[in-house]
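Index from 1, following the sequence. When a ligand or atom number is given, it counts from 1 through the structure's own listing order.
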Amino acid sequence: MSRSSNIALPLLFTLLTFIDVSTSSSNVFNVVSFGAKPDGVTDSTAAFLKAWQSACVSAGSATVMVPAGTFLVKGITFTGPCKSKLKFQVAGTVVAPADYKAFGNSGYWILFNRVSKMSLVGGTFDARASGFWACRKSGQNCPPGVRSITFNAATDVIISGVKSINSQISHMTLKGCTNVAVRNVKLVAPGNSPNTDGFGVQSSTGITFTGSTVQSGDDCVSIGPGTRNVLISKLKCGPGHGVSIGSLAKTLNEDGVENVTLSSSVFTGTQNGVRIKSWARPSNGFVKNVFFQDLIMKNVQNPIIIDQNYCPSKEDCPTEQSGVAISQVTYKNIQGTSATQQAMNLVCSKTNPCTGITLQDIKLTYNKGTPATSYCFNAQGTNLGVIQPTSCLKR
Ligand SMILES: *[C@@H]1O[C@H](CO)[C@@H](O)[C@H](O)[C@H]1NC(C)=O
């Protein structure tokens, strides 16, 4: 073989590869082409990052493709914004390291940071947290845990058909996000897994959740300070702790929660249905314009609850009152069964009464031979239609 052909051959290959990529009609960046292995044991973290980085600088809209198979990915941050629209399409399963110590104190498994105009579509994300839960339950000194999928400071995002299982703590969190649509997402962990929230949202605006299922060990959805314009519909919640606005009043200076609607949803065997919860502490936070409507409760311990006296272990707040002002909260067409006699529990702050509460067409029953009851403290508002149990609101 001559010397020149030795050089020409690799050159030809390089050229062909280049032509192939540049002429492909859609810019698909398959993680396997970047070295990821669908065997569930090879660390594919670097390959995922390379695929992302290549897609992210693509001039036209790009797709990061995770094909069928199981891919081991450690803590990873996908940083945006990218040059063009980006679709992250997952057909297979992404698994976390089984050893929870691999995460240290990072707080995140899969983090999308400052992305814009992106969609996350399909796939299963398995954080394999059973070892972590066992550590927590045994009262050992455990790391703080990682959220499975997080979007921080994201805008214009669609999350669709994604499944998250066995998270260490929250399955999916949105923080500082604008305009995010979450559709047909399924979040699953055992009902007794500690602090495995489903969705967590805070400091975000314009967030819609449609058709999701959450079966986990803590809140199905938790809505934190600074959250506005949230619409949740067709949620199936349970097991879990229900939908919670709060905990609020963690800090003195705190942004409020405004314009939250939850509709057409079903709660099954949950600790709470719809809950608003604030620490019994001074705060300038608030909750206003909240609509809970067309909800079915099946054997729920606290179907309707406001708890402004939250002070676990009576630490730091044994004699304080919540500064959070709750107003304009509507409960409409909420039906089903309560697992405890007290189906409605509206305990507002001693210093900041709840105002503008509306109860309309409520039918909650307790099936242990005695009728359901309601309890109010400092709760003012209006009753419309038939209210069962009898309303305790003050006019
Ligand atoms: C309330 O939130 C919904 C859902 O995001 C939005 O469509 C609506 O415009 C908001 N209303 C106000 C008054 O901002």
Answer yes or no for Lys277 and Tyr310: cation-pi contact, defined as NZ/CZ to six-membered ring centre under 6.0 Å and angle to ring axis within 45°.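 Output yes; distance and angle both within limits.
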
Is it the case that Arg136 places NZ or CZ above or below the six-membered ring of Trp133, under 6.0 angstrom from the centre and within 45 degrees of the axis?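 No, Arg136 and Trp133 do not form such a contact.
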
Those residues that, when tested against Asp255, pass salt bridge (charged side-chain N to carboxylate O under 4.0 Å, His left out) (two or more places apart):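 For Asp255, the residues satisfying salt bridge (charged side-chain N to carboxylate O under 4.0 Å, His left out) (neighbours in sequence not counted) are Arg228.
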
Under 4.0 Å from ligand 1, counting heavy atoms only: the protein residues, by chain and number: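 Close residues (ligand 1, cut-off 4.0 Å): Asn229, Asn259.
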
Applying side-chain contact (heavy atoms from CB on, under 4.5 Å) between Ile357 and each of Thr382, Ile306, Asn383, report the one that passes.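 Answer to the side-chain contact (heavy atoms from CB on, under 4.5 Å) test with Ile357 among Thr382, Ile306, Asn383: Ile306.
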
Would you be so kind as to tabulate the donor-acceptor pairs closer than 3.5 Å made by side chains of residues 89-100, with sequence neighbours excluded?
{"unit_1": "Gln89", "atom_1": "OE1", "unit_2": "Lys87", "atom_2": "NZ", "d": "3.3"}
{"unit_1": "Asp99", "atom_1": "OD1", "unit_2": "Lys101", "atom_2": "N", "d": "3.0"}

Which donor-acceptor pairs under 3.5 Å do the side chains of residues 325-333 make with protein atoms, sequence neighbours left out?
{"unit_1": "Asn333", "atom_1": "OD1", "unit_2": "Gln335", "atom_2": "NE2", "d": "2.9"}
{"unit_1": "Asn333", "atom_1": "ND2", "unit_2": "Asp294", "atom_2": "OD1", "d": "2.8"}

